[in-house]
Amino acid sequence: MREIDLGRDFDGFNKVPLQSRTATARRSDRFGHESRSAVSGGVKYAIDASIALIGLLVLSPMILMLIAILLILQGRPIFIAHRRIGRYGVMFPCLKFRTMVRNADEVLSRHLAANSALRAEWNATRKLRDDPRVTPFGAFLRKSSIDEIPQLFNVLRGHMSLVGPRPIVASEAELYGVHYADYIRVRPGLTGLWQISGRSDIGYGERVLLDARYVEQQSVLGDMAIILKTIPAVLRSRGSY
């Protein structure tokens, strides 16, 4: 687990034979689809970046206060960056406030080795309801989703969107199966269908299907609806641990 340096890490158709004409039409359809996707992607990024910038400005006093509290209670590092899979399968540093002990990997290995039931829970969901790695203040940050506020910087950098599948680590890619191709078509999101559907209270397979459904049906209006539904979901803290 390394401390993050934000400055560094964010560093003539009718004359063509029928067969050729069909191929030309297919290419035209594909290029048209790609062009429309590029336009819609540009619009989405403009909306994402604008909201993220406003959010960072509004939340800056709270962010500074959290940095001070974390420095006193847990020491450095304040931020961590997990390597996550982004659009087109490109890895990126996903920012969070640190909520775990410094030797988190070692603690998890020992805990899973000593308890087969917890090992089964981890293999099924990649999460633990009672995670021994999480600090007391970190548990509050995770429960309230405040630990994910730094990901607004990821949105500004174009690594993430406000809405999309939650970013996954490399070891989770195989769990997506054929839907991994859907996952890497879009930028991962701060929120999405998984967050408003119960988060960790639902199975991983259902999470994958929700992500695939979002990618297939995404729209600006749909994103706005998910953002609005995220607010009560976060306040209820359902499935957040």
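Given the structure is predicted, the values throughout are model-derived calculations rather than measurements.
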Side chains of Y214 and D223 only: does a donor on one sit below 3.5 Å from an acceptor on the other? yes
Tell me the closest heavy-atom pair linking P167 and R84, and the distance in Å. O-NH1, 2.9 Å
Tell me, do R87 and V186 make a side-chain contact under 4.5 Å, heavy atoms counted? no
Working note: L193 + D211, criterion side chain to side chain contact (heavy atoms under 4.5 Å, CB included); need CA distance, chi angles, decisive distance, verdict. CA-CA 7 Å; L193 289 177; D211 286 347; 5.8 Å; no
I'd like to know whether C94 forms a side chain to side chain contact (heavy atoms under 4.5 Å, CB included) with M160, so could you lay out the CA-CA distance, the side-chain angles of the two residues, the decisive distance to 0.1 Å, and finally the verdict. CA-CA 9 Å; C94 184; M160 295 178 63; 4.1 Å; yes
Residues V169, R83; criterion side chain to side chain contact (heavy atoms under 4.5 Å, CB included); working and verdict: CA-CA 6 Å; V169 298; R83 300 294 293 175; over 6 Å; no
Q195 and T230: side-chain donor and acceptor closer than 3.5 Å? no
Is any side-chain heavy atom of I85 less than 4.5 Å from a side-chain heavy atom of Y180? yes
Is it true that a side-chain atom of Y183 and a backbone atom of I168 form a donor plus acceptor pair closer than 3.5 Å? yes
Can R207 be said to sit on top of W194's aromatic six-ring, NZ or CZ under 6.0 Å from centre and within 45° of the ring axis? yes
Can you find a pair of side-chain heavy atoms, one from I202 and one from L210, that are under 4.5 Å apart? yes
Within the side chain of R187, is there an N or O that forms a donor-acceptor pair under 3.5 Å with the backbone of Y45? no
If you compare all heavy atoms of A52 against all heavy atoms of V155, which two are closest, and at what distance to 0.1 Å? CB-CG1, 3.8 Å
Tell me whether R110 at atom CZ has more than 12 heavy atoms from other residues, nucleotides or ligands lying less than 6.0 Å away. yes
Determine whether F97 and I67 satisfy the following criterion, side chain to side chain contact (heavy atoms under 4.5 Å, CB included), listing intermediate values before the conclusion. CA-CA 8 Å; F97 284 118; I67 290 174; 4.1 Å; yes
Salt-bridged, E148 to R166, with N to O below 4.0 Å? yes
State, with a plain yes or no, whether a side-chain heavy atom of L59 is found less than 4.5 Å away from one of L152. yes
